[in-house]
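In what follows, a structure is listed as structure tokens, so that the remarks can point back to it.
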Amino acid sequence: MIASIAVMAFGALLLGAALGYASVKFKVEGNPLVEKIEAILPQTQCGQCGYPGCKPYAEAIAGGEADINLCPPGGMEGVRKLADLLGREVKPLDAEEKPKQVAIIDELMCIGCTLCIQACPVDAIVGAAKQMHTIVGSLCTGCELCVKPCPVECIRMEPIVQNIDNWKWKYPVVDIKRVA
Amino acid sequence: MSETMSVEVIYALPKKQEIVPLKLPVGATVRQAIEASGLLQKYSEIDLAKNKLGVFAKLAKPDAALRDKDRVEVYRPLIADPKEMRKQRAAEGKVMKKGAGEGEAETEGNTK
């Protein structure tokens with residue numbers, strides 16, 4: 001009697017320890033699919049998809065609530081990658097594709113109001129109250145969120161001109177033709 | 001955890017923006033960060049008596065202590081006079097938008 005209880009108790013302890021070890025060792029942080037989707041999204045945090053940022057959009061895609069073609073900065077390439085990852089059909093982008101751009105502040109007009117700084121989702125504008133505001137080109141994602149808040153309309157968007165420093169190979173795109 | 005913290009010092013010009021990442025001892029001040037960044041030597045036009053300093057879009061005194069991951073910013077004075085700009089725009093009959101009026105801004109975007 002005692003021996004059988006001891007055997008069962010020992011077994012329970014052993015399996016409990018194994019489960020406890022496994023839950024620590026193979027712990028999955030959050031939803032791995034959300035992270036994979038987020039890695040494809042361009043991290044402009046621009047909200048053009050209708051979600052407050054790239055992560056909420058990634059969560060919505062993973063949850064099946066959102067379509068994959070709502071991200072204009074990601075462009076058709078982003079849609080294609082998302083379709084690849086999720087096994088969904090490639091759809092045309094739900095907006096027109098724009099060239100990559102950055103915001104530029106007209107220094108002769110800036111009045112140092114900080115409204116654009118508050119609008120910038122990526123802290124790409126350097127400036128403070130009554131000081132010149134300047135956009136850091138390397139941080140600007142071209143999301144246009146700073147353009148509208150400016151009370152003196154001194155921010156404009158400029159397309160990034162392709163030069164030797166930022167030229168990239170275009171990914172080859174092979175269209176799959178439907179047979180019959 | 002450690003004795004150092006990482007901060008950035010940034011000086012932004014329209015054409016070129018200089019970002020200097022730094023490792024500083026905990027408790028370093030805004031002034032120490034600027035001095036350690038070497039921006040004063042590189043850009044002789046920076047005058048700590050004239051150029052205001054700040055951390056993440058908030059003006060800060062040179063002896064204010066920094067925290068880890070702070071971004072020290074060297075500002076430049078405005079060129080335009082805010083009051084004149086506002087007067088001029090009013091005279092031209094342009095409306096000054098107040099704040100980032102979300103609803104208004106969105107309807108504007110849709111009509112464009």
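Lettering follows sequence order; numbering is per chain, from 1. Being a predicted model, the structure only gives us computed values, none of them experimental.
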So if you build clusters from Ile, Leu, Val, Met, Phe, Trp, Tyr with side-chain heavy-atom gaps below 4.5 Å, do [X] and [Y] land together?
X        : Y        : value
B:Ile34  : B:Ile46  : yes
A:Leu85  : A:Val90  : yes
B:Val20  : B:Leu66  : yes
A:Leu145 : A:Val136 : no
B:Met5   : B:Val55  : yes

Main-chain N/O of A:Thr134 paired to B:Arg76 side chain as donor or acceptor, under 3.5 Å: no
N/O donor-acceptor pair under 3.5 Å between B:Gln17 side chain and A:Ile135 backbone: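 Confirmed, B:Gln17 side chain pairs with A:Ile135 backbone.
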Proximity breakdown for B:Phe56 and chain A, heavy-atom pairs closer than 4.5 Å: side chain
Toward chain A, the part of B:Ile19 with a non-hydrogen atom under 4.5 Å: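 Contact with chain A involves the side chain of B:Ile19 alone.
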If you define the side chain from C-beta out and look only at heavy atoms, does anything of [X] sit under 4.5 Å from [Y]?
X        : Y        : result
A:Ile105 : B:Pro14  : no
B:Leu59  : A:Lys130 : no
B:Lys83  : A:Ile111 : no

CE on A:Met132 to CG on B:Asn51, rounded to 0.5 Å: 11.5 Å
Distance in Å, A:Ile125 CD1 paired with B:Glu73 CD, rounded so as to fall on 0.5 Å steps: 10.5 Å
Stepwise side-chain contact (heavy atoms from CB on, under 4.5 Å) test for B:Arg89 and A:Glu153: CA-CA 10 Å; B:Arg89 282 184 69 84; A:Glu153 290 165 19; 3.6 Å; yes
When B:Ile79, B:Asp81, B:Ile10, B:Leu78 are compared by non-hydrogen pairs under 4.5 Å with chain A, the top option: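 Between B:Ile79, B:Asp81, B:Ile10, B:Leu78, the count favours B:Leu78.
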Verdict with reasoning, A:Val152 to B:Arg86, per side-chain contact (heavy atoms from CB on, under 4.5 Å): CA-CA 8 Å; A:Val152 292; B:Arg86 285 177 196 263; 5.7 Å; no
Residue, of A:Ser138, A:Ala128, A:Cys116, A:Cys113, that accumulates the most heavy atom pairs under 4.5 Å with chain B: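 Maximum pair count with chain B is reached by A:Ala128.
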B:Glu92 atom CD, over 12 foreign heavy atoms within 6.0 Å: yes
Chain B contact via A:Ile117 - side chain, backbone, both or neither, heavy atoms under 4.5 Å: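 For A:Ile117, the side chain is the part near chain B, not the backbone.
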Atom of A:Leu108, atom of B:Met85 and distance for their closest heavy-atom approach: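 What the structure gives for the nearest pair is O-SD, 4.4 Å.
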Least distance between heavy atoms, B:Ala80 atom then A:Cys110 atom: CB-O, 4.0 Å
